[in-house]
There are 2 protein chains.
Amino acid sequence: MLNRIKNIRQQLTSAERRVADWVIENPNSVINRTLADIASVVDVSEPTIVRFCRSIGTSGFRDFKTRLTQHLAVTEHVVHADVSAEDDAEQIIAKVIGRSVKELIGVQQRLNASAVEKVVEALISVSRIDFYGIGASGFVVADAQNKFFRLGIPCNAYNDSPTILQAASITNPEYAVVVVSKTGSSKTVIEAAQTAVALGAKVIAITSPGSALADIAPQNLLVDINEDTGLYTPMSSRLAQLAVLDTLQVAVALRMGDRGQHSLDKTKQILSSTAKRQRR
Amino acid sequence: MLNRIKNIRQQLTSAERRVADWVIENPNSVINRTLADIASVVDVSEPTIVRFCRSIGTSGFRDFKTRLTQHLAVTEHVVHADVSAEDDAEQIIAKVIGRSVKELIGVQQRLNASAVEKVVEALISVSRIDFYGIGASGFVVADAQNKFFRLGIPCNAYNDSPTILQAASITNPEYAVVVVSKTGSSKTVIEAAQTAVALGAKVIAITSPGSALADIAPQNLLVDINEDTGLYTPMSSRLAQLAVLDTLQVAVALRMGDRGQHSLDKTKQILSSTAKRQRR
DNA sequence: CCATATTTGTAATTTTACTACATTAGTGAC
DNA sequence: GTCACTAATGTAGTAAAATTACAAATATGG
């Protein structure tokens, strides 16, 4: 919604643009104000505001207001405060999960669609995929390996430095290498990424923009994770990485068509028949 | 919001209750309808609806409408449609992550605060914690182990059947055992939970309500995960489990006070100094 | 610098929410 | 059972807010 306004801003007439600028500056104010109200603070006429609403694709001021309300409810649905020792369980639940929700929505908005498309192209063009991640990212790559494996794609996940370095040294142009790292500054993953690039593998980095790793990898999915406020483990970055990999897996599965669906069905079938056998 | 209406329902007068029932049935319709509109379909007068709005704590119909809009935007912030082969990257990102967001918000609402409190009590009363999970839950418990370990709590995660059964057989009342399972029907985890309960360990299950595992474990955090629509791997359940464990870890850390904070600081310090050393 | 198109504002209209008051229905005492 | 009283609901009018029609002003090209 707000993005749409920003995108279309230059196509607007000057009075409408003044409205747009004010809305972008004070989105929350729109919800509690009336048409006349806004007209007077922005110093334009009421119809101008209605025209602005139509320009950005809504049917009128009323429609614009409800849509903005919905948009803001989602993007700002967060308990902004940090957890504190006085919080009871109810508050902790709200705050911890609220932060995760915020993080996911952030990824949803920041993740670059065309970059995703390119990465998907790369992933379906190779015959195997390796995932590298150390520390907290180690769990993420293990999960990713499982996900892609179920699509029938041969793949491995490595989470310790020596093995990652060895794995990188035996890659070739038939490999895609997905390197997951929050900071993108660990020596191991950088070295591994360099090696893989040199050997012709398609290297994809899921990391922070501007990091050393991001500079090396030709295809990047840069996820700009909000820095942790210091407290507690990096849940947010893990969640963001998982979300990116979920998206990639679904996108790859769709591009693979029946082949991927078939593999999925088979793995599911095995899982459920095992469960039944065990239940007896 | 809708919960509030349900709670207050019996205190309403009969005409107001008719309004409440209609709103609960058709919450989305409220957004696009006018006061007069709703009055005619519910077959009450307009002031009755305004009175209903006041009864549930809003200042009038307008206020009620925006609040409901916000509420629905958050709880239904989802592209309802499933992903399909025709979707482009943009839509896949929106749908996949949107579903995850929905799942998290669902957990946030369903997770029982008093149950969380009891579980936290149990976790801080023991000297070590074991995490059991097989298959997809295996990744979740590995992550949990890492999280709690950083608080300075001795703990282990097991993700294969024989090891889980062995681990359960050496538990004692000084152990807390956290069993993670989506279905709660796998033979291994049920058996392990039974063994641990018999040996006096505090057994906590993160699983579906009504499952066999839920019946065994004295303390349960029941997470009622929306069944997957069939497509793709169980991302939702994994996310829900992670969210529950995140919450538990934060709650435990807060209850531990300085002791937990101190351990966290130390582990963080080590991580960053290692990173620096590697960067040289 | 005039003609035309575009942008913006004024004022009237319509839609919508809200309020004051009247009517009806319900409840308990005798 | 009915009268008095209270609570609940509706009617009709009012105020407020959004929208529209049209006119004035501003910009643009020949």
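Letters A, B, ... are given to chains in the order of the sequence lines, protein chains preceding strands, and every chain is numbered from 1.
Residue B:Lys65 has a polar side-chain atom (N or O) positioned under 4.0 Å from OP1 or OP2 of C:dA17. Residue A:Thr48 has a polar side-chain atom (N or O) positioned under 4.0 Å from OP1 or OP2 of C:dG9. A close approach under 4.0 Å does not occur between any side-chain nitrogen or oxygen of A:Ser14 and OP1 or OP2 of D:dA27.
Side-chain N or O atoms of A:Ser137 include none that pairs as donor or acceptor with a backbone N or O of A:Val140 at under 3.5 Å.
Here the side chain of A:Thr13 is nearest to one of C:dG9, C:dT8, D:dG10, namely C:dT8. Distances were taken from every side-chain heavy atom of B:Ser45 (C-beta onward) to each of D:dT9, C:dC18, C:dT7; the shortest belongs to D:dT9. When the nucleotides D:dA18, D:dG10, D:dT9 are ranked by their closest atom to the side chain of B:Ala15, D:dT9 comes out on top.
D:dA7 atom P lies 22 Å from atom CZ of B:Phe52, rounded to whole Å. Atom pair B:Arg17:CZ and D:dT9:C1' shows a separation of 15 Å (rounding to whole Å applied). Atom P of nucleotide D:dG10 and atom CD of B:Glu16 are separated by 10 Å, given to the nearest angstrom. The nearest whole Å value for the distance from the CD1 atom in A:Ile49 to the C1' atom in D:dT20 is 16 Å. Between the P atom of C:dT7 and the CZ atom of A:Arg54 lies a distance of 16 Å, rounded to the nearest Å. Following rounding to the nearest Å, B:Glu46 (CD) and C:dA22 (C1') show an atom-to-atom distance of 17 Å. B:Phe61 has its CZ atom 17 Å from the P atom of C:dT15, to the nearest Å. Going from atom CZ of B:Phe64 over to atom C1' of C:dT16 covers 16 Å, rounded to whole Å.
At a threshold of 4.0 Å, the pair A:Arg110-A:Glu103 counts as salt-bridged, since one of the basic side-chain nitrogens sits closer than that to a carboxylate oxygen. Between A:Asp246 and B:Arg238, at least one side-chain nitrogen of the basic residue sits less than 4.0 Å from a carboxylate oxygen of the acidic one, meeting the salt-bridge criterion. A salt bridge links A:Arg9 with A:Asp21; the closest basic N to acidic carboxylate O contact falls under 4.0 Å.
Residue order along DNA chain D, read from the 5' end via each residue's closest nucleotide, puts B:Arg51 first among B:Arg51 and B:Arg62.
Separating the OG1 atom in B:Thr247 from the CD atom in B:Gln108 is a distance of 9.0 Å, to the nearest 0.5 Å.
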